[in-house]
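Everything below concerns the one structure shown next.
Model, not experiment: these values are computed from the prediction.
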Amino acid sequence: MQEEFVLLRGALEDTDITDEQIALLIFDIIVLTMQWYTGVLAQIRINAFRVELAAGLYTDLFALAAASVEAEAAVGNAVYMLPSFYNHDCDPNAHILWIENVDARLKALRDIEAGEELRICYIDASMGTDARQAILSKGFCFQCRCHRCLSNE
């Protein structure tokens, strides 16, 4: 991350852009600092979705996710405005599907009642409670309190 910041800062300095002009470019209030840069990257990484394209047809969405992770089939990461608002649950009622052109589609995993919040799983749901909690805490900065975690499944 430090190297990326130095490259970005160097690219802007090479164009003879002053700190004041950089501040104007970045919403008129922010000077490009390492703290600002790491904050923006953290927000992007927390809200980014791993885009995976797995070969073959799978009826079990968890098997699809596991197969793509095992095959390291990720084609990148993407930030989608609306899906970024979906909250996490270790027993989700919906799943993000990726179409070949990396369009995102939401698929219900079970019947969803009117007014029920749509929830997706941010991580591999097949892991044990302690592993899920550790990854969510370290990678997403929260402790999961879904029914599955509270019942220690």
How long is the span from the [atom1] atom in [X] to the [atom2] atom in [Y], to the nearest 0.5 Å?
X: Asp89; Y: Cys146; atom1: CG; atom2: SG; answer: 4.5 Å
X: Asn87; Y: Cys121; atom1: CG; atom2: SG; answer: 12.5 Å
X: Leu136; Y: Cys141; atom1: CG; atom2: SG; answer: 10.5 Å
X: Asp124; Y: Cys90; atom1: CG; atom2: SG; answer: 10.0 Å

Take Ile96 and Arg105 through the test side chain to side chain contact (heavy atoms under 4.5 Å, CB included) and record every step on the way to the result. CA-CA 6 Å; Ile96 303 282; Arg105 299 284 186 260; over 6 Å; no

Given the rule in the side chain to side chain contact (heavy atoms under 4.5 Å, CB included) test, do Ile120 and His95 qualify, once you have shown the distances and angles that lead to the verdict? CA-CA 5 Å; Ile120 61 175; His95 179 74; 5.8 Å; no

Is any side-chain heavy atom of Leu150 closer than 4.5 Å to one of Arg145? yes

Quick check: do Arg132 and Thr129 have side-chain heavy atoms less than 4.5 Å from each other?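 Arg132 vs Thr129: side chains touch.
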
For Asn93, what residues pass the side chain to side chain contact (heavy atoms under 4.5 Å, CB included) criterion, not counting sequence neighbours?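 Expected list: Arg110, Ile112, Glu116, Leu118, Arg119.
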
So Leu106 and Leu97, side chain to side chain contact (heavy atoms under 4.5 Å, CB included) or not? Walk me through it. CA-CA 6 Å; Leu106 189 68; Leu97 296 175; over 6 Å; no

Holding to ring-ring contact (aromatic ring centres under 6.0 Å, His included), I want the full list of residues that pass it with Tyr122, two or more places apart in sequence or in another chain.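 For Tyr122, the residues satisfying ring-ring contact (aromatic ring centres under 6.0 Å, His included) (neighbours in sequence not counted) are His88, Phe140.
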
For Ile135 and Ser137: C-alpha separation, side-chain torsions, deciding distance, then whether side chain to side chain contact (heavy atoms under 4.5 Å, CB included) applies. CA-CA 5 Å; Ile135 291 171; Ser137 177; over 6 Å; no

Treating Gln143 as the side-chain partner and Gln133 as the backbone partner, does any N or O pair qualify as donor plus acceptor under 3.5 Å?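 Answer holds: no.
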
